[in-house]
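Encoded as structure tokens, the structure appears first; notes follow it.
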There are 2 protein chains.
Amino acid sequence: MTDRASCLVSKLGHYISLSEDDRQRLSTLEKSERSYGAGTDIYQMDDPCTDLFVVKQGWLFSYNDLPDGSRQIVKLHLPGDIIGFPDVSQKHVTSTLCAAEDVVLCPFPKTALDVILRDSPRLSALILSIALRDQIILLDLLRALGSMTARARISYMLLDLLARLKITNKGMSDVLRLPLNQSQIAAYVGLTNVYVSKTLSRMEKDGDIARTGNTVHLLRPEAMEEATDFRDRYSDMDIGWFPANKV
Amino acid sequence: MTDRASCLVSKLGHYISLSEDDRQRLSTLEKSERSYGAGTDIYQMDDPCTDLFVVKQGWLFSYNDLPDGSRQIVKLHLPGDIIGFPDVSQKHVTSTLCAAEDVVLCPFPKTALDVILRDSPRLSALILSIALRDQIILLDLLRALGSMTARARISYMLLDLLARLKITNKGMSDVLRLPLNQSQIAAYVGLTNVYVSKTLSRMEKDGDIARTGNTVHLLRPEAMEEATDFRDRYSDMDIGWFPANKV
DNA sequence: CGCGTTCGTTAAACTGTGTTAATCCACGTC
DNA sequence: GACGTGGATTAACACAGTTTAACGAACGCG
């Protein structure tokens with residue numbers, strides 16, 4: 001195995017051990033990687049859905065513009081994430097993808113799933129599991145947006161991001177680089193930029209967080225977890241039921 | 001084929017034509033059906049996750065109690081729906097399931113998925129697609145809760161329910177039986193029962209809806225769709241890429 | 001160096017929604 | 001027929017979060 005393994009292999013290999021066959025299958029699926037500058041819209045809502053992307057570098061987000069002119073960010077994409085999964089079920093993509101900073105993506109065609117489903121039950125189970133886990137996480141976010149205060153929503157967002165970064169980066173401390181401006185944070189948690197500023201300042205004054213530049217330090221993560229009833233869904237996946245591949 | 005087909009067969013058969021093999025496979029998975037009275041909690045948050053359920057009759061919802069004492073309903077389950085899918089990825093269920101009225105469910109074990117993934121790529125693709133489509137719908141709901149007014153949220157909910165009922169009931173008119181009280185509606189759309197009442201009254205006065213008992217009549221669905229940017233995700237699934245089963 | 005741009009902060013006025021609580025109605029029961 | 005119960009409605013008041021606007025800091029650029 002060379003070091004420059006495919007994005008997909010290294011992403012999925014985090015969850016289960018992959019057979020050599022599976023590695024082969026995955027790496028042939030991948031097209032050559034692509035870079036985009038900060039702020040570019042990579043695809044637009046209602047474009048035909050052909051490719052998926054693995055994030056190799058940088059943060060992105062998916063958003064929608066609403067009839068009243070406001071914007072809702074529905075998903076943040078971090079390095080290692082697969083982008084566009086839910087849209088596979090639709091003929092057209094349902095949101096616009098935007099690079100929050102300079103990014104590198106590894107695209108692979110939607111039809112790749114066809115091959116995987118046909119040939120590898122074990123990979124299929126993993127992919128299904130990831131899709132389902134993402135759904136759980138959306139449900140968590142729904143709870144947050146549906147009935148939590150501004151402060152709790154922001155806390156929730158920070159805790160979630162930290163948990164996600166810790167998947168691939170075990171020994172990580174509670175410090176977080178946040179390459180999003182406050183308007184983007186607002187669009188994600190359903191507030192205004194003004195109130196995000198006020199809330200972050202208050203959290204800082206109260207000693208919940210510390211800020212320097214665009215990095216945030218969570219000073220009492222346990223207290224925040226309790227206040228928001230946060231659960232880490234990333235570290236707790238059930239992969240026991242996965243089938244072995246046929247011989 | 002007898003008329004009393006299994007719940008699963010009739011549910012999944014709505015989307016694609018099933019081979020005789022697939023029908024066999026599905027019907028053996030199913031346990032005997034079970035009934036529950038209105039208001040019963042069928043399973044509780046944090047219970048171990050062993051079974052999935054197909055709804056044969058009646059409405060249900062999944063909810064969570066939040067630290068501040070409020071309650072958030074995260075999903076409404078209508079006849080034909082599969083309940084508990086996202087939880088398959090977790091060791092424990094992430095919400096409590098409650099019967100909104102008298103219901104009949106068809107349980108089948110979580111391990112059934114194992115068999116399907118191993119033996120039927122085509123069914124696997126369908127199941128994956130349904131999971132992904134549900135995720136899209138959650139994203140839609142997220143947009144609604146994140147940045148829409150009370151009125152738009154309720155409109156959104158009504159439109160969504162109508163679209164879902166129309167899947168299995170093609171020629172349906174814009175009339176809807178709503179077996180939920182206003183507190184439950186509130187818990188779903190992130191409002192209070194009082195404000196739901198006020199908003200529904202206002203919508204009725206303005207001629208958007210008409211109410212008699214617990215049925216709601218949507219008087220200008222197109223206007224409501226426009227105001228909320230509603231999209232029907234149910235009628236627009238992409239199943240073209242599904243693999244055929246191996247020979 | 002001066003200029004424009006973007007972003008974060010702060011303040012004041014405003015508003016949609018929450019809170020609380022009283023009233024009413026429909027319905028079932030003894 | 002009296003009573004209890006659950007749900008819907010209404011009104012008065014409180015408040016979390018929005019809107020608008022102004023200002024300052026940091027940065028890139030000609």
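Just so we're on the same page: letters track the sequence lines, and every chain starts at 1.
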I'd like a table of atom pairs between the protein and nucleotides 27-30 of chain D - only N or O on both sides, under 3.5 Å - with the distance next to each one.
none

Starting from [atom2] on [N], measure out to [atom1] on [X] and report it in whole angstrom.
X	N	atom1	atom2	answer
N181(B)	dC25(C)	CG	C1'	16 Å
Q184(B)	dA8(D)	CD	P	9 Å
E204(B)	dA8(D)	CD	P	13 Å
I185(A)	dC7(C)	CD1	P	12 Å
N214(B)	dC27(C)	CG	P	11 Å

Just checking E226(B): does its CD atom have more than 12 heavy atoms from other residues, nucleotides or ligands closer to it than 6.0 angstrom?
no

If I take atom CG from residue D102(B) and atom OG1 from residue T40(B), how far apart are they, to the nearest 0.5 angstrom?
7.5 Å

dT6(C) phosphate, OP1 or OP2, under 4.0 Å from Q182(A) side-chain N/O
no

Any side-chain N or O of S197(A) below 4.0 angstrom from OP1/OP2 of dT9(C)?
yes

F230(B) and Y156(B): aromatic ring centres closer than 6.0 Å?
yes

Polar atom pairs between nucleotides 15-21 of chain D and protein, under 3.5 Å, N or O only, would you list them?
from	atom 1	to	atom 2	distance (Å)
dG17(D)	OP1	A150(A)	N	2.9
dG17(D)	OP2	Y195(A)	OH	3.1
dT18(D)	OP1	T192(A)	N	3.4
dT18(D)	OP2	T192(A)	N	3.3
dT18(D)	OP2	T192(A)	OG1	3.0

Of all heavy-atom pairs linking D46(A) and H92(A), the shortest is O-ND1, 3.2 Å

Non-hydrogen atoms of F108(A) and E30(A) that approach each other most closely:
CB-CA, 4.1 Å

Are side-chain heavy atoms of P79(A) and Q57(A) found at a separation under 4.5 Å?
no

Does the pair K166(A)/D174(A) count as a salt bridge with the N-to-O cut at 4.0 Å?
yes

side-chain contact (heavy atoms from CB on, under 4.5 Å), that's the test. Do Q90(A) and S129(B) meet it? Break it down for me.
CA-CA 9 Å; Q90(A) 310 283 125; S129(B) 282; over 6 Å; no

